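Here the structure is laid out as structure tokens; the discussion comes afterwards.
Please read these numbers as outputs of a predicted model, since none were measured by experiment.
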Amino acid sequence: CRLGVDMLTIHASGGGKMIAAAADAVAQHAGKKPLLLAVTVLTSFDADELAGIGVARELPAQVTHLAKLAHANGATGIVCSAHEAHHLRQVLPASTALVTPGIRMPGDAHGDQARVMSPKEAMQAGATHLVMGRPITQAENPAAALNLVLNSLT
């Protein structure tokens, strides 16, 4: 918090006590309070990857479980795939930030991302913030790539 960051991420799988401790630390900070974002299930995971780490729940159910746990313990935002954003909008308060990695323009390579969505689709699904790294940073012309993304949202 002392660094003045806008967002701070933790893993929701750390459990309720950890999330609550992080939320308390943010609340105790006298300055600007960042969004406390709880990561649910990585966008590089599909059902097989989730099962491979011993999680028996279906992927959407695991995301919902972790998102509710995070919210109940003070997280102000959730990191999730845009594929889960619409459902989370139904079960979490409207003020909850939904940060969605795995954003790709149509036709972009997915890379290691298993659950991707276009910027416009993600916003329509309920995302409040988009995470789009490599398609911009590794583009031949990053500024032009970013402008394509911004134009796709209008």
Side-chain angles (χ1 to χ4, degrees), residues 1-3 5-29 33-139 142 145-146 149 152:
C1 292
R2 288 187 303 266
L3 296 175
V5 298
D6 292 322
M7 298 177 181
L8 173 66
T9 60
I10 58 173
H11 281 270
S13 59
K17 289 181 184 178
M18 184 201 72
I19 297 165
D24 185 53
V26 169
Q28 297 299 319
H29 182 66
K33 294 178 182 14
L35 289 174
L36 178 61
L37 304 174
V39 177
T40 56
V41 175
L42 300 175
T43 54
S44 59
F45 273 34
D46 58 16
D48 291 337
E49 286 288 327
L50 195 62
I53 62 166
V55 176
R57 281 189 188 97
E58 295 290 325
L59 198 148
Q62 180 68 2
V63 170
T64 301
H65 171 75
L66 291 172
K68 287 180 174 181
L69 174 73
H71 173 71
N73 285 283
T76 51
I78 304 298
V79 178
C80 63
S81 165
H83 289 269
E84 289 91 38
H86 179 74
H87 173 69
L88 292 181
R89 278 282 157 243
Q90 309 307 307
V91 298
L92 296 174
S95 61
T96 306
L98 295 183
V99 178
T100 56
I103 303 301
R104 298 290 189 266
M105 291 296 288
D108 280 355
H110 290 191
D112 65 343
Q113 299 297 296
R115 298 175 353 260
V116 303
M117 194 174 280
S118 76
K120 187 170 190 153
E121 291 169 326
M123 296 299 289
Q124 290 171 339
T128 57
H129 299 79
L130 306 178
V131 179
M132 191 172 191
R134 287 168 283 188
I136 295 172
T137 62
Q138 294 179 1
L146 178 59
V149 172
S152 77

*Any side-chain heavy atom of T40 sitting closer than 4.5 Å to one from Q62?*
no
_SB check K17 D24 (cutoff 4.0 Å)_ = no
*Does a sphere of radius 6.0 Å around CD in E58 hold more than 12 heavy atoms from other residues, nucleotides or ligands, not counting ones at 6.0 Å or beyond?*
no
*To the nearest 0.5 Å, tell me how far D108 CG sits from Q138 CD.*
11.0 Å
*asked:* Counting C-beta onward and ignoring hydrogens, is there a side-chain heavy-atom pair between S81 and T100 closer than 4.5 Å?
replied: no
_Can you tell me if H29 has over 12 outside heavy atoms packed within less than 6.0 Å of its NE2?_
yes
*State the CG-CG distance between L59 and L50, to the nearest 0.5 angstrom.*
5.0 Å
*Nearest 0.5 Å please: distance from the CG atom of N73 over to the CD1 atom of I10.*
9.0 Å
*Is there a donor in the side chain of Q113 and an acceptor in the side chain of T43, or the other way round, less than 3.5 Å apart?*
yes
*Show your working on side-chain contact (heavy atoms from CB on, under 4.5 Å) between L37 and I78 and close with a plain yes or no.*
CA-CA 5 Å; L37 304 174; I78 304 298; over 6 Å; no
*At what distance, to the nearest 0.5 angstrom, does OG1 of T9 lie from CG of L36?*
9.0 Å
*asked:* Using side-chain heavy atoms (C-beta onward) and a distance below 4.5 Å, is V91 in contact with K68?
replied: yes
_What I'd like to find out is whether the side chain of R104 reaches to under 4.5 Å of the side chain of P135, using heavy atoms alone._
yes
_Side-chain touch H71/P93, heavy atoms, less than 4.5 angstrom_ = yes
*Looking only at side chains, do H87 and T64 share a donor and an acceptor under 3.5 Å apart?*
yes
*Measuring from D112:CG to R134:CZ, what's the distance to the nearest 0.5 Å?*
4.0 Å
*Identify the heavy atoms of A27 and K33 that sit nearest to each other, and give their distance.*
O-CE, 3.5 Å
_Atom pair OG/CD1 of S13 and I53 - distance to nearest 0.5 Å_ = 7.5 Å
*asked:* Please check if the number of heavy atoms outside H11 that lie under 6.0 Å from its NE2 is greater than 12.
replied: no
*Side chains of C1 and V26 in contact at under 4.5 Å (non-hydrogen atoms)*: yes
_Side chain proximity check, L98 to L88, heavy atoms < 4.5 angstrom_ = yes
*Report yes if the side chains of M117 and H83 come closer than 4.5 Å at any heavy-atom pair, otherwise no.*
yes
